[in-house]
Amino acid sequence: MALWATSCSSSEKLFLASSAATRRRMGSRRRDLVHVGMTDQAETETISIAYKEGDRERPKWADETPFSRLVEALISFKPFYSLLKLGARQVLISTAERNNIPWREMTKEILESDVYKELNTIQNTSLQYPDYYLSPCHAYDEGNLSWLAAAEAEVATMSMTRRAIPYAPSNEEATQEMRGNWVQAIKQHHMKHSGNVTIQNIVDIGCSVGLSTRFLADEFPSAKVTGLDLSPYFLSVAQYKEKKRPPRKNPIRWIHAAGENTGLPSKSFDLVSFSYVFHECPERAIIALVNEAFRLLRPGGTLAITDLAPKSKILQELSPALFTLMKSTEPFLNEYCLTDLEERLREAGFVNMKTLLTDPRHMTMTATVPHQHV
């Protein structure tokens with residue numbers, strides 16, 4: 001079970017993660033992640049973890065300030081941008097290496113594998129890429145349309161997870177906290193608002209190399225899960241790695257398509273998920289993605305968005321050097337932070353919007369398609 005609770009400070013929200021297994025995984029916390037209560041029964045005990053919100057709706061660096069405009073000007077200067085790009089990449093690599101994440105070895109393993117054979121079975125050669133998707137992103141000039149970006153996606157995600165949850169005893173526990181809280185938020189929302197609709201069909205839009213997709217498939221083993229992405233290189237890695245695992249009762253289906261126009265049947269899913277997708281999109285794309293999710297969901301279906309949290313205290317207090325590096329590799333970050341996501345969901349027709357911090361840097365937003373939706 002997961003929910004918001006009121007804390008002593010108006011700047012904090014409490015996310016409740018349930019079960020004895022969750023408690024064992026999470027281990028001890030820093031003092032700013034406060035345990036506020038447990039039940040006596042081991043099977044139902046609940047831990048409260050406080051993830052702090054800042055004092056603003058969004059980071060100051062996302063607003064139109066003189067300093068923000070200076071950063072944008074620096075980023076637009078190509079020689080300086082090249083230095084920033086290298087710096088941002090080095091931050092991720094050094095974080096990985098400090099935490100025993102074998103960045104170079106894992107990347108080399110993919111690049112020297114047979115992953116390239118998957119491309120022909122995945123790629124939709126007639127797909128027209130949206131203009132925003134062709135922009136440099138994540139320190140790659142080709143954005144997500146390269147083998148190097150695909151080969152490094154998993155280790156980059158692991159490094160990002162460690163930066164978000166540096167206090168975790170291990171990389172595995174950091175991942176479990178981030179992904180586990182996200183899934184708990186989805187389950188609790190769906191249980192409360194779906195009207196007993198069982199999650200039988202899931203689509204993970206913007207699935208990258210399939211990390212979130214596989215997590216959903218593991219958590220909902222009876223569901224049929226689809227991973228959809230714009231990058232055929234990412235999908236090739238996803239399919240290649242999935243083939244290395246033991247076969248599932250319901251194999252994951254991988255689709256190369258645009259999230260704004262998936263080509264999938266209307267009202268065919270009970271859960272539509274976006275994991276760390278929206279901060280890479282301009283607002284017009286976010287609106288189109290939300291509208292497509294509404295079309296895909298059955299009445300009572302759940303939309304789940306997990307992404308950077310503009311209200312995160314940590315993000316709001318990033319040093320100028322770090323947020324400059326961050327913005328240099330995320331061309332639509334300001335636009336994302338300035339987008340009123342709950343209002344965009346409301347305009348699309350969703351109800352029961354709920355937003356909560358599910359780790360110190362990221363939020364999960366859930367919403368429901370009305371039961372009377374025709």
Side-chain angles (χ1 to χ4, degrees), residues 25 92-93 95-96 99-103 105-107 109-111 113 115 118 122 137-138 140 143-165 168 170-187 202-221 223-246 248 250-256 259 271-280 304-308 330 358-359 361-364:
R25 287 194 299 261
L92 277 178
I93 294 175
T95 299
N99 289 282
N100 298 315
I101 299 169
W103 182 293
E105 291 84 351
M106 289 179 68
T107 300
E109 182 181 350
I110 292 293
L111 291 176
S113 72
V115 68
E118 307 295 336
I122 285 285
C137 184
H138 296 165
Y140 305 105
N144 292 333
L145 294 173
S146 76
W147 284 113
L148 180 60
E152 292 186 333
E154 182 171 1
V155 284
T157 300
M158 293 169 68
S159 181
M160 177 271 290
T161 301
R162 287 305 271 164
R163 289 191 68 78
I165 309 176
S170 68
N171 297 324
E172 292 75 16
E173 287 168 288
T175 297
Q176 187 58 52
E177 179 170 338
M178 177 178 284
R179 301 287 186 184
N181 286 352
W182 160 63
V183 168
Q184 287 288 349
I186 293 171
K187 289 181 175 179
I202 300 171
V203 59
D204 187 24
I205 298 178
C207 69
S208 182
V209 294
L211 301 179
S212 54
T213 320
R214 285 191 287 273
F215 206 96
L216 288 169
D218 292 341
E219 290 289 329
F220 300 94
K224 294 179 180 178
V225 179
T226 298
L228 184 146
D229 201 89
L230 267 169
S231 172
Y233 307 99
F234 281 33
L235 289 169
S236 295
V237 172
Q239 182 167 276
Y240 172 78
K241 299 206 75 159
E242 182 64 15
K243 286 180 177 180
K244 298 292 184 181
R245 294 171 52 108
R248 299 179 188 271
N250 293 311
I252 297 173
R253 176 175 60 154
W254 307 103
I255 296 179
H256 182 213
L271 172 63
V272 173
S273 173
F274 295 94
S275 294
Y276 313 108
V277 173
F278 283 12
H279 74 277
E280 298 180 6
I305 301 162
T306 190
D307 216 312
L308 292 170
E330 301 287 1
T358 40
D359 70 59
R361 293 175 182 237
H362 302 98
M363 63 82 190
T364 296

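One-based numbering along the sequence shown.
By the side chain to side chain donor-acceptor pair (under 3.5 Å) test, Arg163 pairs with Thr95, sequence neighbours left out. Remark: Arg253 engages no residue in a salt bridge (charged side-chain N to carboxylate O under 4.0 Å, His left out) (not counting sequence neighbours). Legend: residues meeting ring-ring contact (aromatic ring centres under 6.0 Å, His included) with Tyr276, ordered by chain and number and at least two apart, are His362. Take Trp147 and apply the ring-ring contact (aromatic ring centres under 6.0 Å, His included) test, not counting sequence neighbours, and it matches Tyr116, Tyr233. Residues meeting the side chain to side chain donor-acceptor pair (under 3.5 Å) test with Ser236, sequence neighbours left out: none. A search for side chain to side chain contact (heavy atoms under 4.5 Å, CB included) contacts involving Asn171 returns Asn99, Ile101, Arg162, not counting sequence neighbours. Not counting sequence neighbours, the partners of Glu330 by the side chain to side chain contact (heavy atoms under 4.5 Å, CB included) test are Cys137, His138, His279, Glu280, Leu333. Not counting sequence neighbours, the partners of Thr306 by the side chain to side chain donor-acceptor pair (under 3.5 Å) test are Thr364. Evaluation of the side chain to side chain contact (heavy atoms under 4.5 Å, CB included) rule for Thr107 yields Trp103, Leu111, Leu148, Ala151, Glu152, Val155 as partners, not counting sequence neighbours. Residues satisfying the side chain to side chain donor-acceptor pair (under 3.5 Å) test with Thr213, not counting sequence neighbours, are Asp204. By the salt bridge (charged side-chain N to carboxylate O under 4.0 Å, His left out) test, Lys187 is found to be paired with Glu219, residues two or more places apart in sequence or in another chain being considered. Checked against side chain to side chain contact (heavy atoms under 4.5 Å, CB included), Asn250 has the following partners two or more places apart in sequence or in another chain: Lys224.
Checking Ile186, Thr226, Val225, Ile252 one by one against Ile202, the side-chain contact (heavy atoms from CB on, under 4.5 Å) holds for a single residue, Val225.
Between Ser273 and Trp182 there is a side-chain heavy-atom pair separated by less than 4.5 Å. Gln239 is not listed as a side-chain neighbour of Val115, based on a closest heavy-atom distance of 4.5 Å or more.
His256 places a side-chain N or O within donor-acceptor distance of the main-chain N or O of Leu230, the cut-off being under 3.5 Å. Under a 3.5 Å cut-off, the side chain of Ser113 and the backbone N or O of Ile110 do form a donor-acceptor pair. Between the side chain of Asp307 and the backbone N or O of Val277 there is at least one donor-acceptor pair closer than 3.5 Å.
Residues Arg179 and Asp218 are not paired through a salt bridge, judged by the lack of any N-O separation under 4.0 Å between the basic side chain and the carboxylate.
Rounding to the nearest 0.5 Å places CZ of Phe234 at 12.0 Å from CD of Glu154.
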